[in-house]
Amino acid sequence: MKEKHVEQARQEELNELVKIRRQKIDELKKLGVNPYPYKFKCTHFSKDIIENFDRMEGKAVSIAGRIMALRKMGKASFAHVMDSGGRIQIYVRLNNVGEVPYKIFKLLDIGDWIGVTGDVFKTHTGEISIVVKELTLLSKTLRPLPIVKEKVEDGKKIIYDQFADKELRYRQRYVDLIVNPEVRDVFVRRSKIISTMRRYLEEKGYLEVETPILQPVYGGAFARPFVTHHNTLDMTLYLRISNELYLKRLIVGGFDGVFEFAKDFRNEGMDRFHNPEFTQMELYVVYEDYYFMMNLVEEMISTIAEKITGSKTIVYQGNEIDLTPPWKRIRMFDAIEEETGFNLYGTIENEVREIGKKLDIDVEALPTRGKIIDEIFGKYVEPKLIQPTFITDFPIEISPLAKKHRDDPNLVERFEPYIAGKEIGNAFSELNDPIDQRQRFEAQMKLRSAGDDEAQVLDEDFLRALEYGMPPTAGLGIGIDRLVMILTDSPSIRDVLLFPQMRPEQLKAED
RNA sequence: GGGCCAGUAGCUCAGUCGGUAGAGCAGCGGCCUUUUAAGCCGUUGGUCGGAGGUUCGAAUCCUCCCUGGCUCACCA
């Protein structure tokens, strides 16, 4: 493996394009230029100049950024420089900068970082530009950037030679971010979504906490974990699949509202909606129930949507979605009946199996009544839930951490919010009866020994915490990645993760 | 894991009936002092994802493999 790295590095060195740029570095050094200097003082961003041209015209400014387009001519040239807020044209003229600086400029390539000082003006064709007096190379690039060209025709932006290979874009996100500005925009919005949510929760007085990622017992969700090992303690540790049980311990400890933006890890398949590591926001609030959480979710999500997109109505993959509260609330059994005509409420397992068969569900593979119901729901109801909907009151067998429904001991007080046909969260009136919780864990252990390797593991310390007394509590988890997908109209989770999980890159070897 | 599709120059792509590789952009050289997909002239660059097979001859046909995308299944 190591040898392959070395081999690859050697081949890169021989790469002609890189070689040429190395030669340019040597030439620049001969002209007295340090291709990697230490500092540059900017006075403006490109955006400031373009947005305030009337005020800026004729003024001296210093900006810095990456060269994204070059139009070199014999004695006067144009370039576009991109900084974090946009891009601006610069005009470099031999008479203005002098012989040697112009020679230096001609040694620059697309991708190089430069700083320029000059005056703001508008060209004959009307483009706001900077006529350069002084030009400083800030960092010379060795690798050529994929060149993306744009033309505006009839108000429409035509893009030529777009850097489009999805694999390359995900693997080399740094390049993707440089040449595809809308990618950058998605991640700026992701950051704003999280900070808006954080502020929303802080303003309500909840405390942001951090809980262990390395856990001796994993719990709080149905999933297979990643397993690791601690050398000094010589013990198995699991990367958390959820932080739920830790946050509830903190409620036992006396905090009355805690939340965490948590990276969770699940050792499962990957697709458009699943990445092995993903982010959830979990929140626990004392003295409240799941009705409180429904109100909070619809208010919080619609508030964030408005802040990010400017409207409570958004478009996701062609569907207009109105996030204005109140959202539709429907019991899981009622939703299934609406879509299939079968009322599963109060049925026993064998009846559900028969109905499942009629509904073309592979019931043989499913161990319990609850799982079959969940499967029917997933197939017939979930895809229909385009407008925001709370599905409520789940079967108890698939909800071992939720409190029994106050009106029906076969159900739990649980809901999942759905938007655009996808589950974006999960919430309960939290189970705080330690005796009931122990029985639920034991039922899970029984499933586990029957071969269900996603059944939950009994957590003795968590039970001990509950035995010290947990007040009535409402709990919530929100899938941040899926929320970001919906609010940025992104079709895949990979589009909202800066570095989505990929197979290891194949390294070139001679062999 | 199944199905479908794709992989050709740094980027975007073409490549006919099987005849040994093309364009634009980028690069390099030249001309060019308001250009903007700058332009004009010239030019470099490829183990056609990999291995094997069929064939006088394979980017092209066949088999296997690798990588990726979409999708179904799995998976809260």
Side-chain angles (χ1 to χ4, degrees), chain A residues 12 15-21 23-24 68-80 87-97 102 109-111 121-129 131 141-153 157-172 175 179 220-224 241-242 264 266-276 278 280 362 365-366 370-371 374-375 377-379 382 394 398-399 414 416 422-426 453-454 456 477 479 482 491-492 494 502-511:
Chain A
E12 297 297 350
N15 181 300
E16 203 199 330
L17 294 168
V18 172
K19 216 161 81 186
I20 289 164
R21 294 202 180 194
Q23 283 165 4
K24 285 186 180 178
M68 293 303 286
L70 262 179
R71 291 177 290 281
K72 291 184 196 173
M73 284 174 281
K75 286 169 183 153
S77 303
F78 291 86
H80 275 102
R87 49 173 77 187
I88 190 165
Q89 180 170 260
I90 62 167
Y91 177 40
V92 184
R93 193 164 165 255
L94 174 63
N95 292 15
N96 293 340
V97 295
Y102 198 77
D109 292 292
I110 288 173
F121 80 113
K122 206 178 253 186
T123 62
H124 288 169
T125 52
E127 180 161 354
I128 297 165
S129 309
V131 55
T141 342
L142 283 183
R143 285 175 186 265
L145 215 52
I147 308 299
V148 178
K149 298 206 169 189
E150 307 175 347
K151 183 167 81 171
V152 179
E153 204 168 75
K157 196 156 100 177
I158 305 165
I159 298 172
Y160 299 86
D161 300 340
Q162 184 158 34
F163 180 59
D165 184 306
K166 283 193 183 173
E167 180 183 359
L168 278 179
R169 289 181 51 201
Y170 295 141
R171 285 195 196 279
Q172 300 184 41
V175 176
V179 301
F222 297 94
R224 282 181 302 237
I241 59 171
S242 159
D264 291 339
R266 297 186 184 174
N267 206 339
E268 290 160 354
M270 298 152 57
D271 62 29
R272 204 150 71 82
F273 297 98
H274 299 84
N275 194 68
F278 63 104
Q280 288 212 92
D362 183 13
L366 298 166
K371 289 230 171 182
D374 199 28
E375 192 74 16
F377 174 81
K379 184 165 178 183
E382 187 173 340
F394 286 61
I398 54 171
S399 313
R414 171 182 177 186
E416 290 181 342
K422 271 290 153 190
E423 171 198 344
I424 61 146
N426 191 12
D453 59 354
E454 273 155 18
Q456 298 197 15
R482 288 188 184 173
S492 168
R494 293 180 152 191
M502 303 286 281
R503 254 176 243 270
E505 202 167 347
Q506 290 292 304
L507 296 167
K508 278 176 206 161
E510 274 183 5
D511 287 50

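Here is the naming used below: chain letters follow the sequence lines, and residue numbers restart at 1 for every chain. What you are looking at is a predicted structure, and each value in this text was computed from that prediction instead of being measured.
- Side-chain atoms of A/E127 and base atoms of B/U34 include no donor and acceptor less than 3.5 Å apart.
- With the nearest nucleotide of RNA chain B identified for both A/R266 and A/I20, A/I20 has the one nearer the 5' end.
- Side chain A/D161 to base B/G24: a donor-acceptor pair is found below 3.5 Å.
- At a threshold of 4.5 Å between non-hydrogen side-chain atoms, the residues A/R71 and A/H80 count as touching.
- The listed nucleotides are B/G27, B/U35, B/G24; the one nearest the side chain of A/T123 is B/U35.
- Taking 4.0 Å as the cut-off between side-chain N and carboxylate O, A/D109 and A/K24 count as a salt-bridged pair.
- Contact check, A/K72 against B/C31: no side-chain N or O comes under 4.0 Å of OP1 or OP2.
- Checking B/U33, B/C11, B/G68 against every side-chain atom of A/R93, the shortest atom distance belongs to B/U33.
- Considering only side-chain atoms of A/R171, the nucleotide from B/A37, B/U67, B/U35 that sits closest is B/U67.
- Under the 30°/60° scheme for interplanar angles, the aromatic rings of A/F78 and A/Y91 are found to lie parallel.
- Between A/R71 and the phosphate of B/U35, there is no side-chain N or O to OP1/OP2 separation shorter than 4.0 Å.
- Pairing of B/A73, defined by two Watson-Crick or G-U wobble distances under 3.5 Å, is not identified with any nucleotide.
- A cation-pi contact, defined as under 6.0 Å to the ring centre and within 45° of the axis, links A/K422 to A/F273.
- Taking side-chain N and O atoms only, A/K24 has a distance below 4.0 Å to OP1 or OP2 of B/C28.
- Listed candidates were B/C11, B/A38, B/C70. Nearest to the side chain of A/M73 is B/A38.
- Taking a pair to require two hydrogen-bonding distances under 3.5 Å in either a Watson-Crick or a G-U wobble arrangement, B/G7 pairs with B/C66.
- Remark: A/K149 is in phosphate contact with B/A26, judged by side-chain N or O atoms under 4.0 Å from OP1 or OP2.
- The nucleotide B/U55 finds no pairing partner, because no Watson-Crick or G-U wobble arrangement with both distances shorter than 3.5 Å includes it.
- When the nucleotides B/U67, B/G10, B/C11 are ranked by their closest atom to the side chain of A/E167, B/U67 comes out on top.
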